[in-house]
Enquirer: 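Below are the C-alpha cells for one structure; questions will follow.
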Amino acid sequence: MFNKIYKGSSYSRPQLAELWGYASFHAIARGVITPKNMNEIILFVTEEKQSFQAQYQDRLCEGVLFWEGPTDHFAEQRMIDAATSGDEIHLFHRERHHSDFTYFGLLALTSYQLHTVKPSSFVFQII
C-alpha cells in the first residue's frame with residue numbers, strides 16, 4: 001500500500017485513493033483509516049480545520065504528534081495495541097484544510113489518555 005508513497009511528499013486524498021485502488025476519495029475521507037485486511041492504521045491530521053468541523057486539538061511539533069482521537073473513539077484500542085499486534089500507524093499531515101497532506105511515515109505511540117465523553121488524547125513520535 002505504501003510502495004508508491006514517499007516520506008516528505010505531498011498527496012491529495014483523490015491521488016491517494018487512486019494509488020490505493022479506491023473508487024473514490026470518499027473511502028478515505030475520515031481522519032482515521034483502517035484498510036480492510038491490512039495491518040495499517042492511517043491518520044489524516046489537519047491542524048487548522050474548517051469552522052463547521054469538530055475542532056480537535058491536533059499539533060505536530062518537532063517530530064511529535066499531539067492528537068485527539070475522534071469522538072466515536074474509532075480504532076483507539078487498535079492504536080494502543082499496535083506495538084504488540086504488528087499494526088503500523090502512518091501519518092499524513094497538513095497545516096490547513098483543503099491543502100495536500102504530507103506523508104511523515106510511521107508513528108510510535110508514546111502516551112495516551114482514554115476518555116469516553118470527550119476525545120481521547122494521544123502522543124506519537126515519528127520514527
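Numbers here simply count residues along the sequence, with the first being 1. Note that the structure is predicted; figures quoted are calculated from it, not measured. Every heavy atom of this structure was used, including side-chain atoms; hydrogens, water molecules and symmetry mates were not.
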Enquirer: To the nearest 0.5 angstrom, please state how far the CD1 atom of Ile5 sits from the NZ atom of Lys7.
Expert: 14.0 Å
Enquirer: Under 6.0 Å from the CD atom of Glu18, do we count more than 12 heavy atoms belonging to anything else shown?
Expert: no
Enquirer: Are the side chain of Glu40 and the backbone N or O of His90 linked by a donor-acceptor pair below 3.5 Å?
Expert: no
Enquirer: Does any non-hydrogen side-chain atom of His73 lie less than 4.5 Å from one of Leu114?
Expert: no
Enquirer: When you measure from the side chain of Lys4 to the backbone of Phe2, do you find a donor-acceptor pair of N or O atoms at a distance under 3.5 Å?
Expert: no
Enquirer: Going only through I, L, V, M, F, W and Y residues with side-chain contacts under 4.5 Å, is there a path from Ile33 to Phe74?
Expert: no
Enquirer: Are the side chain of Gln57 and the backbone N or O of Gln55 linked by a donor-acceptor pair below 3.5 Å?
Expert: yes
Enquirer: Taking side chain to side chain contact (heavy atoms under 4.5 Å, CB included) as the definition, give me every residue that meets it alongside Gln50, ordered by chain and number, with sequence neighbours left out.
Expert: Phe52, Gln53, His97, His98
Enquirer: Go through it in stages, so that I can follow the logic: the residues are Ile80 and Leu109, the test is side-chain contact (heavy atoms from CB on, under 4.5 Å), and I'd like the CA-CA distance, side-chain angles, deciding distance and then a yes or no.
Expert: CA-CA 7 Å; Ile80 292 166; Leu109 180 63; 4.1 Å; yes
Enquirer: Looking only at heavy atoms, which two atoms of Gly69 and Pro119 are closest? And how far apart?
Expert: O-CB, 3.2 Å
Enquirer: Just one of Glu76, Gln113, Glu68 clears the side chain to side chain contact (heavy atoms under 4.5 Å, CB included) bar with Phe122, so which one?
Expert: Glu76
Enquirer: Check each of Thr102, Leu107, Ile42 against Leu91 using the side chain to side chain contact (heavy atoms under 4.5 Å, CB included) test, and report the only one that passes.
Expert: Leu107
Enquirer: With sequence neighbours excluded, tell me which residues meet side chain to side chain contact (heavy atoms under 4.5 Å, CB included) with Val64.
Expert: Phe66, Val123, Gln125
Enquirer: Which heavy atom of Val32 sits nearest to which heavy atom of Ala75, and what is that distance?
Expert: CG1-CB, 4.0 Å
Enquirer: So if I apply the side chain to side chain contact (heavy atoms under 4.5 Å, CB included) rule between Val45 and each of Tyr56, Trp67, Phe104, Phe124, which one comes out positive?
Expert: Trp67
Enquirer: Which heavy atom in Ser120 sits nearest to a heavy atom in His115, and how many Å separate them?
Expert: OG-N, 3.0 Å
Enquirer: Measuring only between side-chain heavy atoms, which start at C-beta, is Phe44 closer than 4.5 Å to Arg94?
Expert: no
Enquirer: Tell me whether the centres of the aromatic rings in Tyr11 and Tyr103 are closer together than 6.0 Å.
Expert: no
Enquirer: For Ser12, enumerate each residue passing the side chain to side chain contact (heavy atoms under 4.5 Å, CB included) test, keeping only those at least two apart in sequence or located in another chain.
Expert: Pro14, Gln15, Asp100
Enquirer: Which residues, ordered by chain and number, are linked to Leu106 in its hydrophobic cluster, where ILVMFWY side chains connect at heavy-atom gaps below 4.5 Å, directly or through other members?
Expert: Ile127
Enquirer: Are the side chains of Phe101 and Thr46 in touch, meaning some heavy atoms are under 4.5 Å apart?
Expert: yes
Enquirer: Are the side chains of Arg59 and Glu47 in touch, meaning some heavy atoms are under 4.5 Å apart?
Expert: yes
Enquirer: Quick one: closest heavy-atom pair of Asn3 and Tyr6, and the distance?
Expert: O-OH, 3.8 Å
Enquirer: Enter the distance from Gln77:CD to Tyr112:OH here, rounded to the nearest 0.5 Å.
Expert: 6.5 Å
Enquirer: Treat each ILVMFWY residue as a node, draw an edge where side-chain heavy atoms are under 4.5 Å apart, and state whether Met38 and Ile28 are in one component.
Expert: yes
Enquirer: Who pairs with Arg30 by side-chain hydrogen bond (donor to acceptor under 3.5 Å, both in side chains), at least two apart in sequence or on another chain?
Expert: Asp72
Enquirer: Looking at residues at least two apart in the chain, or sitting in another chain, which of them share a side chain to side chain contact (heavy atoms under 4.5 Å, CB included) with Asp87?
Expert: Asn39, Ile41, Arg78, Ala82, Ser85
